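Order of the sequence lines sets the chain letters (A, B, ...), proteins ahead of strands, with each chain counted from 1. For clarity, every value in this text was computed on a predicted model and none was experimentally measured.
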Amino acid sequence: MDNIFTATFFVSIFASTIRLATPILLTALGEIYTQRSGILNLGLEGTMTMSAMAGFVCAYFSKSLFIGFLGGIVIGMICSAFMAFLSVTIRANQVIAGTALTILGIGFSSFIYRIIFGIQKLPPQVESLTKFDVPLLSRIPYIGTIFFQHNLIVYLAYILAIINWVVLEKTTFGLNVKAVGEHPRAADSKGISVTKIRYTAVIIGGAFAGLSGAFMSIAYMNSFSDTMIAGRGFIAVAVVVFARWNPLRAMAGSLLFGIASALQIRFQAIGVPIPNQFLLMLPYLVTIIALITVSKKAEFPSAYTKPYSRMER
Amino acid sequence: MPVSKKIIKITQAIFPALLMVAGALLSGAVLIVIAGNDPIAAYKALLEGAFSNSYRISETFVKAIPLMLMAQGISIAFKNQIWNIGAGGQFTIGTILSVVVCLYFKLPPIPTIILSFIFAFIGGALWGGLAGWLKARFNANEVITTLMLDYIATFLLAYLVYGPMMDPNGFGYPQSAVIEKVLRLPKLIVGGRLHAGLFVAIAILLLMILFWRSTLGFKIELAGQGNDVSRYAGINNKKIIIVAMLLSGGLSGIAGWNEIHGIHFRLMTDLAGSYGSIAIVIALLGNLNPLGIAISAYFFSVLIVGGNTMQNLTGIPYSLVDIIQGLIVVFVITRTAFKAESIQSFFRKRRYQHNG
């Protein structure tokens with residue numbers, strides 16, 4: 001009991017923290033664009049499940065993981081285009097639209113999977129993405145194992161966090177997205193198409209969620225189940241709020257959720273009598289507290305969840 | 001109002017819902033054909049699964065009771081334009097407190113059952129009311145807070161059944177001890193699980209019909225239609241948000257009480273399952289109307305009960321039921337968006353709403 005807290009223990013905890021944070025981070029990064037443009041996509045859970053299924057099916061039949069990831073991303077974009085259609089064009093309530101998308105996504109993915117594969121004793125599997133040890137760096141003791149012995153998507157997620165920050169803060173596109181989320185009428189009068197930007201932002205969100213979903217089925221695991229996303233889509237929404245719409249803070253938020261589940265898995269495996277449910281609860285509590293502090297400072301995009309119409313004043 | 005006009009009014013209210021259900025079932029049929037099966041055989045199997053014997057018929061009511069209670073609760077929040085998506089968590093707190101009262105309060109049976117009911121209501125109410133208070137006090141977005149509280153309740157339940165409340169004679173299964181036989185709701189039929197909770201559900205249904213005619217119900221509805229309207233009417237919107245969420249959560253808590261005393265008799269992990277999201281669909285299809293909710297709750301429990309039989313008999317995956325649910329929501333929002341004035345501008349966002 002005393003000697004479990006060794007260096008190896010911590011190294012493996014931190015390494016799996018980084019791995020577990022990856023799908024949450026990827027989805028959160030995309031959702032930051034979506035929410036910054038004023039749309040709350042609560043359908044990410046469904047989108048990710050669809051993409052996990054699509055990614056798996058594509059990889060299974062093409063024998064190419066690249067095609068698998070591509071399939072996941074494309075399906076993610078299609079799902080979120082539907083969300084954009086409901087919330088931007090039809091101007092439906094986004095919470096309800098997101099709920100519909102989640103139910104539909106999980107339903108469709110499990111339906112399609114069953115139709116394609118039927119019921120089998122052993123679930124069909126693919127060769128999942130192998131880890132890629134970064135030359136030299138991965139051989140640094142401890143640090144190497146924690147940071148540089150993952151699969152490529154893991155590295156990509158953290159690089160994308162930085163890229164997204166640059167895009168949001170330093171490019172015209174990022175500025176437009178924020179303008180549309182803050183003050184759609186002003187943005188519209190400056191000639192920015194609110195509809196176009198919102199569609200783009202939601203579909204980018206879908207692409208990220210799609211990559212993340214495919215990550216779950218063909219990189220993190222090697223098979224598909226309709227419960228495999230297990231709330232990660234909703235957690236990503238929490239991380240976005242926790243991170244106050246900043247991609248770099250989203251990294252911190254994802255790692256917080258990651259370490260909670262890494263510790264939980266490990267504690268459970270070695271039977272440490274620590275009630276790990278409180279550990280799992282912690283990130284959700286922190287999110288509520290973070291939400292209170294952001295809401296007071298009114299950092300929410302002003303047009304959050306508000307459909308835009310030129311007709312209305 | 002003359003009877004003929006009343007009938008026309010009721011038909012007008014029900015017809016769109018029927019149309020949407022038909023549309024969803026038809027889309028489902030198309031999917032079944034694509035999957036290479038016979039849709040008529042599939043739906044026949046579904047109906048058989050729900051109605052072919054008294055056990056199955058009783059199951060349709062057993063499932064409808066908690067779903068209806070939760071959907072009634074959700075409708076209170078939704079009419080106030082508060083998007084409570086954490087009914088599952090409020091339900092969970094209700095189940096926990098019911099079992100706590102039954103196992104640890106050494107009281108005679110009748111007071112125990114009543115106290116358990118009150119605790120379940122208060123527990124659910126506080127869990128929902130907390131989100132309402134956070135919204136009123138800090139402007140914290142209720143969608144996120146109710147969702148987070150849902151997860152927290154699930155983990156709290158898991159902690160209790162793996163830890164302090166685990167049945168000492170339960171061979172280490174993650175479940176609590178069962179409540180005493182005298183505390184269980186009496187069965188209504190032999191060889192089925194239908195229990196006296198049905199009467200509680202009917203009572204709540206009647207109360208809800210009265211509630212929407214009461215001053216408080218009117219205030220909740222009015223406050224949901226825009227801050228300025230209710231402000232001129234002298235309504236304290238912040239207070240109303242908290243009250244609406246208290247009541248909303250309280251009804252889910254009662255649903256939890258009902259499941260403990262009528263069906264499960266003990267705590268287990270994940271008792272709420274996907275009830276929270278199904279109840280949202282039910283509330284919407286029922287047009288946030290008490291009677292409409294009762295009917296759509298029954299419809300959905302037929303789908304749920306029959307769906308498993310359909311899967312076993314025809315090999316069509318149960319997930320078809322989920323797809324039908326999802327499609328119904330899509331139809332509901334599409335319709336309301338095109339006809340915003342239809343149900344008290346239910347989906348129109350409040351213009352002066354401060355989001356947070």
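Put simply, the side chain of B:Pro317 reaches to within 4.5 Å of the side chain of A:Ile115, judged on heavy atoms. Between B:Val329 and A:Leu104 the shortest side-chain heavy-atom distance does not fall below 4.5 Å. Looking at heavy atoms from C-beta onward, B:Asp150 lies out of side-chain contact with A:Phe234 at the 4.5 angstrom threshold.
When heavy atoms are compared at a cutoff of 4.5 Å, B:Val281 approaches chain A solely by way of its side chain, counted from C-beta outward. For B:Leu31, the parts lying under 4.5 angstrom from a heavy atom of chain A are both the backbone and the side chain. Contact annotation for B:Ile278: neither backbone nor side-chain heavy atoms come within less than 4.5 Å of a heavy atom of chain A. Proximity to chain A involves both the backbone and the side chain of B:Ile152, based on heavy atoms less than 4.5 angstrom apart. Only the side chain of A:Phe278 comes within contact range of chain B, judged by heavy atoms closer than 4.5 Å. Contacts of B:Leu156 with chain A are made by both backbone and side-chain atoms, with heavy-atom separations under 4.5 Å. Only the side chain of A:Leu40 comes within contact range of chain B, with heavy atoms under 4.5 Å apart. Residue contact with chain A, scored on non-hydrogen atoms closer than 4.5 Å, involves the backbone and the side chain of B:Leu320 alike.
The shortest heavy-atom contact between B:Gly326 and A:Ile103 is N-CG2, 3.7 Å. Heavy atoms only, all atoms of each residue included: B:Asp322 and A:Gly107 are closest at CB-CA, 3.8 Å. Closest approach of B:Ile333 to A:Ile90, counting heavy atoms only: O-CG2, 4.5 Å. Between B:Asn141 and A:Leu291, the shortest heavy-atom distance links the atoms O-CD2, 3.7 Å. Shown here for A:Gln277 and B:Tyr162, the closest heavy-atom pair between the two residues is NE2-CD1, 3.5 Å.
Taken to the nearest 0.5 Å, the CZ atom of B:Phe138 stands 10.5 Å off from the CD1 atom of A:Ile289. Atom OG in B:Ser277 sits 8.0 Å away from atom CD1 in A:Ile106 (nearest 0.5 Å). Atom OG1 of A:Thr99 is separated from atom CD of B:Gln325 by 11.5 Å, given to the nearest 0.5 angstrom. The line from OG of A:Ser110 to CD1 of B:Ile323 is 7.5 Å long, rounded to the nearest 0.5 Å. Rounding to the nearest 0.5 Å gives a distance of 12.0 Å between CG of A:Leu42 and CH2 of B:Trp83. Rounded to the nearest 0.5 angstrom, B:Ile34 CD1 and A:Phe111 CZ are separated by 8.0 Å.
Applying the 6.0 Å contact sphere to CZ of A:Phe117 captures more than 12 heavy atoms from other residues, nucleotides or ligands.
Listed options B:Gly36, B:Ala131, B:Ser319, B:Gly315 were ranked by heavy-atom pairs under 4.5 angstrom with chain A; first place goes to B:Ser319.
Below 30°, between 30° and 60°, or above 60°: for B:Phe155 and A:Tyr284 the angle between ring planes is between 30° and 60°, a tilted geometry.
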